[in-house]
Amino acid sequence: MITRFLRRYLAGTNLEVFKFGMYLAFPIGYMYYFGTNLEDRFSVPGFWPTKEQSNTIPYDKEEIKAEVERIRDVMKERELERQRIKAQTERAFQEVRDKLREGGGSGSREDGSVVSS
C-alpha cells in the first residue's frame, strides 16, 4: 500500500519537492527537539562572575594613577620572584657542578654505589 502510494504520487517533481521538504524539515526538527531548554539543561551556576567580582574601569585621574601603581607593584613583585628563582636555580646548579668537580666525575654516589653508564 505504501509502496504503491510512493510510486504513484512521489515521482518526478513531487519526489523532488518531498526531498526538499525533508532536507529543510529534518534539521529544523532536530534543532527544535534537542535545542530547546538549553539554559536549564546546560547551565552552570556561578560560571559568570558577578558585578563585584569583575574588573571595573577607572575613570578618574586618581583612580587611574592608583591602578597604574598597583600594576607596577605587581610587575615588580613578579620580577623579584623571577630573580629569586633564577638565583636559587643558579646556586643549585653551581652546587651540583662543584660536587661533580670534587668527586672527579668517577661515577660514584655519596652512599658508595657506582653509577653504570
Novice: Do Glu16 and Lys19 meet the salt-bridge criterion of a basic N to acidic O distance under 4.0 Å?
Specialist: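 Glu16 and Lys19: salt-bridged.
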
Novice: Does a salt bridge link Arg78 with Glu81, judged by any charged N lying under 4.0 Å from a carboxylate O?
Specialist: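 Salt bridge: no.
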
Novice: Return the CG to CD1 distance between Leu80 and Ile85, rounded to the nearest 0.5 Å.
Specialist: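 Answer rounded to 0.5 Å: 11.0 Å.
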
Novice: Taking atom OH as the centre, does Tyr23 end up with more than 12 heavy-atom neighbours from other residues, nucleotides or ligands that are less than 6.0 angstrom away?
Specialist: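 Not more than 12 within 6.0 Å, no.
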
Novice: Could you check whether any side-chain N or O of Glu63 sits under 3.5 Å from a backbone N or O of Tyr59, counting only pairs where one atom can act as donor and the other as acceptor?
Specialist: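 Yes; at least one donor-acceptor contact below 3.5 Å.
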
Novice: Can you spot which of Gln83, Lys76, Met75, Glu77 makes a side chain to side chain contact (heavy atoms under 4.5 Å, CB included) with Glu79?
Specialist: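 Filter result, single survivor: Gln83.
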
Novice: Shared ILVMFWY cluster between Tyr30 and Tyr33, side chains joined below 4.5 angstrom?
Specialist: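 Result: yes, single cluster for both.
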
Novice: Report the distance from atom CZ of Phe26 to atom CE of Met31, rounding to the nearest 0.5 Å.
Specialist: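 Reported to 0.5 Å precision, the distance equals 10.5 Å.
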
Novice: State the CD-OG1 distance between Glu52 and Thr50, to the nearest 0.5 angstrom.
Specialist: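 Between Glu52 CD and Thr50 OG1, I get 4.5 Å after rounding to 0.5 Å.
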
Novice: Measuring only between side-chain heavy atoms, which start at C-beta, is Asp98 closer than 4.5 Å to Gln94?
Specialist: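 Asp98 vs Gln94: side chains touch.
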
Novice: So, Arg72 and Glu69, do they make that salt bridge, N to O below 4.0 Å?
Specialist: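 So Arg72 pairs with Glu69 through a salt bridge.
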
Novice: With a 4.0 Å cut-off on N to O distance, would you call Arg70 and Glu67 a salt bridge?
Specialist: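 Yes.
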
